[in-house]
Amino acid sequence: MLGSHNDINVLHSSPLFDNLAEGRAPEVKYSVNGHEYTMGYYLADGIYPDWATLVKTIRHPMGSKRQYFAKAQEAARKMVERAFGVLQSRLAIVRGPARLWDVETLSLIMTACVIMHNMIVEDEGFVVDPNERFDYGGDNVQPDHGHAHRTLEEFIEAHKKIRDKNTHEQLKGDLIEHLWNHHPDLY
């Protein structure tokens with residue numbers, strides 16, 4: 001329906017990738033299957049476009065590698081959705097509409113909610129995996145919410161990189177290989 005707030009309309013009107021396009025997002029560098037990447041990505045379902053910053057599931061996976069990837073991607077995506085559902089069930093501020101707040105305030109609210117949730121989880125004695133370690137690359141990195149650091153040409157080029165279908169396909173292929181090479185049943 002025209003003007004509805006479906007996922008694609010929300011994506012195209014969202015400021016989600018603004019910091020990245022404007023050069024204000026934290027620097028990201030990682031390697032998968034021998035290829036270097038400089039943008040993080042979000043797990044998405046099949047309705048989203050083939051952008052370099054979105055890793056979608058495979059709708060009808062053919063072959064063991066692709067089936068394993070689809071299963072792992074969907075499981076991770078569902079885990080994130082469940083975690084957000086837990087936040088919504090525990091904290092009323094996450095359930096309500098967010099139209100009255102700016103992006104920075106929303107970020108602070110969500111950070112506070114995640115911290116409170118973690119404190120509740122810790123107090124209840126539930127730990128997901130005590131051996132799991134995360135390397136965030138040093139200090140807590142916050143994006144610079146000041147003025148844009150890029151020229152118009154750089155901004156347009158950054159948007160092209162964000163929406164690059166070739167990078168999307170290469171990243172998905174690299175993740176498929178990486179997951180398959182680390183498949184626990186292979187060892």
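This one's a predicted model, so the numbers in the text were calculated from it and none came from an experiment.
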Throw together a table of side-chain donor-acceptor distances under 3.5 angstrom for residues 165-176, partners on residues two or more places apart or in other chains.
unit_1, atom_1, unit_2, atom_2, d
T167, OG1, D164, OD2, 2.6
H168, ND1, W51, O, 3.0
H168, ND1, L54, O, 2.8
Q170, NE2, Y37, OH, 3.3
D174, OD1, N33, ND2, 3.2
D174, OD1, H35, ND1, 3.1
D174, OD2, H35, ND1, 2.8
D174, OD2, Y37, OH, 2.4

For K65, is there an ion pair with E177 - N to carboxylate O distance below 4.0 angstrom? yes
Who passes side-chain contact (heavy atoms from CB on, under 4.5 Å) against L108, sequence neighbours left out? none
Same cluster (ILVMFWY, side-chain, under 4.5 Å), V80 and L106: no
Verdict with supporting geometry, M39 and V28, side chain to side chain contact (heavy atoms under 4.5 Å, CB included): CA-CA 6 Å; M39 292 185 294; V28 174; 6.0 Å; no
Look at the side-chain heavy atoms of Ile, Leu, Val, Met, Phe, Trp and Tyr, link any pair under 4.5 Å apart, and say whether I93 and M110 land in one connected group. yes
Please identify each residue that fulfils side-chain contact (heavy atoms from CB on, under 4.5 Å) with L152, with sequence neighbours left out. I156
CZ-CG distance between F155 and D18, expressed to the nearest 0.5 angstrom: 6.5 Å
Counting neighbours of CZ on R66 that are heavy atoms of other residues, nucleotides or ligands and sit closer than 6.0 Å, is the number greater than 12? no
Residues in side-chain contact (heavy atoms from CB on, under 4.5 Å) contact with R59, at least two apart in sequence or another chain: none
Interatomic distance, L20 atom CG to K161 atom NZ [nearest 0.5 angstrom]: 8.0 Å
Kindly state each residue pair satisfying side chain to side chain donor-acceptor pair (under 3.5 Å) with at least one member in residues 74-84, sequence neighbours excluded. E74-R77, R77-E81
Check the orientation of H182 and H178. Use parallel for under 30°, tilted for 30 to 60°, and perpendicular for over 60°. tilted
Donor-acceptor under 3.5 Å (E27 side chain, T38 main chain): no
Partner set under side-chain contact (heavy atoms from CB on, under 4.5 Å) for V114, not counting sequence neighbours: L87, N118
Only residue of E153, K160, E154 satisfying side-chain contact (heavy atoms from CB on, under 4.5 Å) with E157 is K160
